[in-house]
Every structure is written in structure tokens, then in C-alpha cells.
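Here the structure comes first, spelled out in C-alpha cells, and everything after it is commentary.
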Amino acid sequence: MTNIVLFGKPGAGKGTQAEFLKGKYNLTHLSTGDIFRFNIKNETELGKLAQTYINNGELVPDEVTIKMLQSEVEGNPDSAGFLFDGFPRTIAQAEALDAFLTTKNQKITATIALEADDEILVARLLERGKTSGRADDQDEEKIRNRYQEYNEKTAPLIGFYKEQNKFHAVNGIGSIAEITERLSNVIDNL
Ligand SMILES: Nc1ncnc2c1ncn2[C@@H]1O[C@H](COP(=O)(O)OP(=O)(O)O)[C@@H](O)[C@H]1O
């Protein structure tokens, strides 16, 4: 079983690449952002809980996010492996994920980061905001807040996975196909 964490700042292209990688490697794609947005759209209890955080560019509390992620994994018992996109985003989430996978005799195979400069990413998000309808993509202040959240809470995961020799990084600037190829090179050599 191959379990990959796709890592990167907001706008780095995780969702775009996941669409290609999931088919190529037969992985179940779990995007916490997509799951939250689906729940918001359908006005579920989870959606109501997450909405304010998301619209303000803040992280949804760990407790809520971890529980949701676990139930998504449990809901795919026949999966050949998972592509985690947008999770973990805090050390507490990463520890909970490791503990949870251990109970299933599984582990994270590798974490692959898509790297790009902040200015490029902010411009990409504002562009996406014109068509995505995402409130968190339309306001530069909320975007900045997501970067602050990333720097404070998510960036420490780089060290967490480096210590386990599981951290790989690829250049996230280039054509979509070029970047898929860079990611595939890493996965093929795991
Ligand atoms: N693992 C997580 N922990 C907490 N909140 C999350 C997590 N994943 C997604 N969210 C919430 O959903 C929002 C959108 O997620 P996502 O679509 O992955 O965003 P981005 O494009 O910023 O990477 C985040 O800004 C955050 O509020």
C-alpha cells in the first residue's frame, strides 16, 4: 500500500496534480479542503462548523479535521493507498495520522512538497478566486492569513517528515505535465 502526502502552500497545485496522480497510481484522493467545501455546500453539521474558519482563512480545529479524515479512510476499506491532499496541516494532525495508520498496519510512504514562491502563489489564488467562487480566494487579507497559518502551523511538518526520511520536494513551477512528471519520478523511486 502506498500512502502519499501531497504537501505545499495554498495555491501550490496539490489538487491539480492529485487529479493526475490518483489515476496513474490507483490511489484514493482525499482532499480535506474539497470535503469541507462539499459539506458547506450541502449545509451539513460539519459544514456549518467549518465554514467560518475556512472563509476567514483559518485552519479548522484539529479535533474536527482528524475525525473527518479518519472516517474518510474508514469509508474506503478496499483502497490500494491514499493520496492525502491538504492533510496533515499541523503536527497534531500528522501524529494522529501516524497513530491511526499504525492501527491499520499502515504508514505514510512519503511526503512530497510542491514548492513555489509566495508572490506567484498569491497571484494564482487571486486568479482562481475570479472563477472558483471560493470566498477564501477572493480577498488578499484572507489569503495572507492562510500563509500565516501555513508558516506557523504547517511548515513545522517539513522537519517532522525529514526526521523520518520521508520528505521530498519538487519544483512547483512549470507546466502541469512537467510537474506531474517530477512528482512521478519521486513516486517511482520510492
Ligand atoms: N488539514 C486541515 N486542517 C484544518 N483546516 C483545513 C485542513 N484542510 C483544509 N482546511 C480548511 O480548508 C481551507 C481550504 O483548504 P484547501 O482547499 O486545501 O486550501 P488551499 O488551496 O489553501 O491549500 C483551509 O484554508 C482550511 O480552512
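Owing to the predicted nature of the structure, the values given are computational and were not obtained by experimental measurement. Numbering of ligands and ligand atoms starts at 1, following listing order.
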Side-chain donor or acceptor of Gln17 paired with backbone N/O of Gly13 under 3.5 Å: no
All salt bridge (charged side-chain N to carboxylate O under 4.0 Å, His left out) counterparts of Arg128, not counting sequence neighbours: Asp137
SB check Glu74 Lys104 (cutoff 4.0 Å): yes
Trace of the side chain to side chain donor-acceptor pair (under 3.5 Å) decision for Asp188 with Tyr25: CA-CA 10 Å; Asp188 292 340; Tyr25 295 98; 2.8 Å; yes
Asn76/Thr28 under side chain to side chain donor-acceptor pair (under 3.5 Å): CA gap, chis, key distance, verdict: CA-CA 8 Å; Asn76 286 282; Thr28 305; 4.6 Å; no
Give a table of atom pairs where an N or O of ligand 1 lies under 3.5 Å from a protein N or O.
from: ligand 1; atom 1: 1 (N); to: Gly86; atom 2: O; distance (Å): 2.9
from: ligand 1; atom 1: 1 (N); to: Gln93; atom 2: OE1; distance (Å): 2.9
from: ligand 1; atom 1: 3 (N); to: Gln93; atom 2: NE2; distance (Å): 2.8
from: ligand 1; atom 1: 5 (N); to: Val60; atom 2: N; distance (Å): 3.0
from: ligand 1; atom 1: 8 (N); to: Thr32; atom 2: OG1; distance (Å): 2.7
from: ligand 1; atom 1: 8 (N); to: Gly86; atom 2: O; distance (Å): 3.3
from: ligand 1; atom 1: 8 (N); to: Arg89; atom 2: NH1; distance (Å): 3.1
from: ligand 1; atom 1: 17 (O); to: Arg37; atom 2: NH1; distance (Å): 2.8
from: ligand 1; atom 1: 17 (O); to: Arg37; atom 2: NH2; distance (Å): 2.9
from: ligand 1; atom 1: 17 (O); to: Arg134; atom 2: NH1; distance (Å): 3.3
from: ligand 1; atom 1: 17 (O); to: Arg134; atom 2: NH2; distance (Å): 3.4
from: ligand 1; atom 1: 18 (O); to: Arg89; atom 2: NH1; distance (Å): 3.3
from: ligand 1; atom 1: 18 (O); to: Arg89; atom 2: NH2; distance (Å): 3.4
from: ligand 1; atom 1: 19 (O); to: Arg89; atom 2: NH2; distance (Å): 3.4
from: ligand 1; atom 1: 19 (O); to: Arg134; atom 2: NH2; distance (Å): 3.4
from: ligand 1; atom 1: 21 (O); to: Arg128; atom 2: NH2; distance (Å): 2.9
from: ligand 1; atom 1: 21 (O); to: Arg146; atom 2: NH2; distance (Å): 3.4
from: ligand 1; atom 1: 22 (O); to: Arg146; atom 2: NE; distance (Å): 3.3
from: ligand 1; atom 1: 22 (O); to: Arg146; atom 2: NH2; distance (Å): 2.8
from: ligand 1; atom 1: 23 (O); to: Lys14; atom 2: NZ; distance (Å): 3.2
from: ligand 1; atom 1: 23 (O); to: Arg89; atom 2: NH2; distance (Å): 3.0
from: ligand 1; atom 1: 27 (O); to: Glu58; atom 2: O; distance (Å): 2.5

Non-hydrogen atoms of Phe36 and Ala50 that approach each other most closely: CD2-CB, 3.7 Å
